[in-house]
Amino acid sequence: MQPIHIYLLIYGIPIFILFIMLVILFSKNMTLLENRLLSIISFALIFAFLGEFARQLVALEHNPLISKAIVGPFIVLAMVATLHLIYILIVKNAKIRFRKTLYYALYIPLLAQIYVSFSPIAPVEQSYERVDLWTYRIATSYNIWAHSMTTFTICITLFMFIYGLFRTAISTGKQLLLFLLTSYLIIVLGYITTLSLGMNKLIPLPMLFLSFLTVVLLMVGIQKFDLMPTLKQRYRLVFELMPVAITVVDRKLNIIEINNRARHFLGTKAENTENLLTAAQNEFNQQQIHKMITIIREKQQIHDYMIDLKCSVEDRVIKVAIDASYITLGIEKYYYIMWRDITEEFEREKLIKHLAYHDSLTGLYNRAYFVECVTESLNHSTNQQHAMILLDLNYFKHINDTYGHQVGDFVLQHVAKTLTLCIPAPHKVARLGGDEFTVFLQALNSEEELLHYVHTIRQAFKMQHFTHEGSITFEISPSIGYSIAPYEGQTFEELFHIADFSMYADKKRIKTLTQEGQL
């Protein structure tokens, strides 16, 4: 067999396996950190193997440059990225956390390797010799550096596996770490045996194959225990069938996970890589989501936070309740959002509240609300004038007796409509019961303004006669009384008593004028 064929066999098989791993990884969700790290490790090892393959083919004087520029840096990059991946697996699957200082310390060897490789004052030089088929490094100082790097990586990896194994109480996480620890110990023992027996002379740079076997081990472990973060097949079916709309987005609001309910809820058919703002479909919804995300980031967690969303398909606005958290997984932060359409519930509560404070016949405020509103306004009043107007319909009993109670109800609705047209917001109009109505005028400028509203009401009833089915027409005559706060009272009871007294005085006056034929 020719040397080139041996080189292709020795270095080509790992490169082919790493390439297959890359194909598998790129078929997954590359926004996840675990997949990105596995991809970085695979790329780095492919370049390292290619560099080692090239070293066997070129002249000896070119070997130092290839080692410094390609093989050394990419091997170290693969090592530290592997440690980073192990850190993430332990954090996410064993539910424990290392200090961030350890995470940053993992990348110190890479910086040191770049310094050793490219600094003109680096105290490491390399020279090579060829023995039979293989080219070997003979520089003692660099060998010390390389073995120190490998030993450091092995020790840190073992420490992280053992620490995670003893700290986790999660069954799946414990099984994964036990599998990785056992397999890695076998690989390390094989590596040490190779060095101790001098078998490393069979193939140069055994640490390259140690890194390769380690990343293959991690890939197998992740697949074996169904922990590939892109699939999560064990929970996917439950996640998809959840009756609650669930969305997980990253800090840039890219959708990491979204279930079927959430897709239907947001009206999107796009894949997980879509941005949440794109799924929002219109500017109004985007503004609502921006506001919601800001509050989640500030409070870390929200419950029953309500927003409005426009449905482009049905052309309506729905009420949405949000439960959300700003969570950390490993070193990444995510927004975990649950959406609930509470439009029907909201409308039902709105109706209940409306019925609690409104008269069912006329739609005006009822006595309970009116008393509460007047009391609150008087309690918070600061030297402002308010007024209460009471109205009672003259001869309403005669109307009921003559035309029936149904016509009487229509009369009450006519009175409510007339008063509503006469009294603008923020003043309040209410029906106290029977044929008795009331108005609360807030923050009056003068008593003349009160008299203006009283005159307006009288004129409206004179001008707008009640008509029913074209055959019944008559003028409605109200008796009107009023009181002014704070001069005639500072509580609801005091104002009502004065206004009631004033109203009956007006009723007596109207009755007298009617008997005298002046009305």
Side-chain angles (χ1 to χ4, degrees), residues 31 239-328 333-360 362-366 368-369 372-373 376-377 380 420 424-430 442:
T31 61
F239 178 73
E240 290 292 350
L241 296 178
M242 283 287 287
V244 178
I246 302 175
T247 309
V248 181
V249 299
D250 62 18
R251 284 180 288 186
K252 294 182 179 179
L253 303 188
N254 295 316
I255 297 175
I256 304 301
E257 296 288 348
I258 180 171
N259 64 0
N260 285 330
R261 182 78 174 182
R263 290 190 188 94
H264 176 75
F265 186 85
L266 294 173
T268 177
K269 297 181 180 179
E271 297 299 325
N272 293 2
T273 52
E274 184 182 13
N275 190 276
L276 183 60
L277 294 181
T278 305
Q281 299 182 350
N282 58 67
E283 186 177 352
F284 176 81
N285 290 349
Q286 290 172 358
Q287 291 174 353
Q288 294 286 302
I289 291 174
H290 263 304
K291 184 179 178 182
M292 175 191 72
I293 290 295
T294 301
I295 294 176
I296 298 173
R297 189 184 298 116
E298 291 175 354
K299 296 186 176 181
Q300 299 298 306
Q301 190 173 23
I302 59 175
H303 177 66
D304 280 345
Y305 176 80
M306 290 201 301
I307 63 173
D308 294 328
L309 291 180
K310 285 184 178 179
C311 295
S312 57
V313 178
E314 301 178 10
D315 193 24
R316 67 188 183 100
V317 176
I318 63 173
K319 209 76 175 179
V320 180
I322 304 291
D323 291 334
S325 300
Y326 193 37
I327 58 177
T328 302
K333 285 186 173 291
Y334 300 94
Y335 298 98
Y336 183 86
I337 307 169
M338 292 187 293
W339 318 71
R340 289 182 295 118
D341 184 352
I342 60 167
T343 306
E344 291 185 6
E345 179 183 341
F346 179 80
E347 292 296 332
R348 188 163 51 250
E349 290 182 358
K350 185 178 177 182
L351 176 61
I352 292 172
K353 186 176 180 181
H354 178 85
L355 293 176
Y357 287 113
H358 289 78
D359 175 58
S360 59
T362 63
L364 298 178
Y365 292 116
N366 60 17
Y369 176 84
E372 182 180 317
C373 175
E376 184 177 353
S377 296
H380 293 85
T420 302
H427 308 310
K428 309 295 183 185
V429 181
Q442 304 179 67

Enquirer: What pair of heavy atoms forms the shortest contact from Ile296 to Ala324, and how long is it?
Expert: CD1-CB, 3.4 Å
Enquirer: Counting C-beta onward and ignoring hydrogens, is there a side-chain heavy-atom pair between His290 and Leu277 closer than 4.5 Å?
Expert: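 Answer yes - side chains close enough.
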Enquirer: Counting only heavy atoms from other residues, nucleotides and ligands, does the tally under 6.0 Å from OH of Tyr357 exceed 12?
Expert: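 Atom OH in Tyr357 is not packed in, count stays at 12 or less.
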Enquirer: Give a yes or no on whether the backbone of Lys310 and the side-chain of Asn285 come within a donor-acceptor separation of less than 3.5 Å.
Expert: yes
Enquirer: Between the side chains of Asp359 and Asn366, is a donor N or O closer than 3.5 angstrom to an acceptor N or O?
Expert: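 Asn366 and Asp359 do not have a side-chain donor-acceptor pair below 3.5 Å.
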Enquirer: For a 4.5 angstrom cut-off between non-hydrogen side-chain atoms, does Tyr336 reach Ile246?
Expert: yes
Enquirer: Got a second to check how far Lys353's NZ is from Phe346's CZ, nearest 0.5 Å?
Expert: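 Answer for the NZ-CZ pair, Lys353 versus Phe346, is 8.5 Å.
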Enquirer: Does a side-chain heavy-atom distance below 4.5 Å link Glu349 with Ile342?
Expert: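 Contact flag for Glu349/Ile342 side chains = no.
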Enquirer: I'd like to check Lys299 versus Tyr305 (side-chain heavy atoms, cut-off strictly below 4.5 Å). Are they in contact?
Expert: no
Enquirer: What is the minimum heavy-atom distance between Ala262 and Ala245, and which atoms define it?
Expert: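 Nearest heavy atoms, Ala262 then Ala245: CA-CB, 3.5 Å.
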Enquirer: Determine, stepwise, if the pair Lys319 / Asp308 fulfils side chain to side chain contact (heavy atoms under 4.5 Å, CB included).
Expert: CA-CA 5 Å; Lys319 209 76 175 179; Asp308 294 328; 2.9 Å; yes
Enquirer: Are there over 12 heavy-atom neighbours, none belonging to Gln287, within less than 6.0 Å of that residue's CD?
Expert: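 More than 12 within 6.0 Å, yes.
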Enquirer: Any side-chain donor-acceptor pair under 3.5 Å between His303 and Asp323?
Expert: yes
Enquirer: Could you check if a side-chain atom of Gln442 sits within less than 4.5 angstrom of a side-chain atom of Lys428, using non-hydrogen atoms only?
Expert: yes
Enquirer: To the nearest 0.5 Å, what is the distance between CG (Asp250) and CD (Glu257)?
Expert: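 If I round to the nearest 0.5 Å, the distance is 11.5 Å.
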Enquirer: Within a strict 4.5 Å, meaning less than it, do heavy atoms of the His358 and Tyr369 side chains meet?
Expert: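 A side-chain contact is absent here, since even the closest heavy-atom pair is not under 4.5 Å.
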Enquirer: When rounded to the nearest 0.5 angstrom, what distance separates CZ in Arg297 from NZ in Lys333?
Expert: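 Separation between the atoms: 10.5 Å.
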Enquirer: Look at the side chain of Ser325 and the backbone N and O of Ile327, then say whether any donor-acceptor pair between them is shorter than 3.5 Å.
Expert: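 No; judged by distance alone, with no hydrogens or angles, the pair does not exist.
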Enquirer: Could you grab the distance from atom CG of Leu355 to atom NZ of Lys350, nearest 0.5 Å is fine?
Expert: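 Here the interatomic distance stands at 12.5 Å.
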Enquirer: Measure the CD1-CD1 distance between Ile337 and Ile322 for me, rounded to the nearest 0.5 Å.
Expert: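 So the CD1 of Ile337 and the CD1 of Ile322 are separated by 7.0 Å.
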Enquirer: When rounded to the nearest 0.5 angstrom, what distance separates CD in Gln300 from CD1 in Ile295?
Expert: 13.5 Å
Enquirer: I'd like to know whether Glu376 forms a side chain to side chain contact (heavy atoms under 4.5 Å, CB included) with His380, so could you lay out the CA-CA distance, the side-chain angles of the two residues, the decisive distance to 0.1 Å, and finally the verdict.
Expert: CA-CA 6 Å; Glu376 184 177 353; His380 293 85; 3.7 Å; yes
Enquirer: Taking the side chain as every heavy atom from C-beta outward, state whether Asn254 and Val249 have any atom pair closer than 4.5 Å.
Expert: no
Enquirer: Any side-chain heavy atom of Tyr335 sitting closer than 4.5 Å to one from Val248?
Expert: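 No; the side chains remain at least 4.5 Å from each other.
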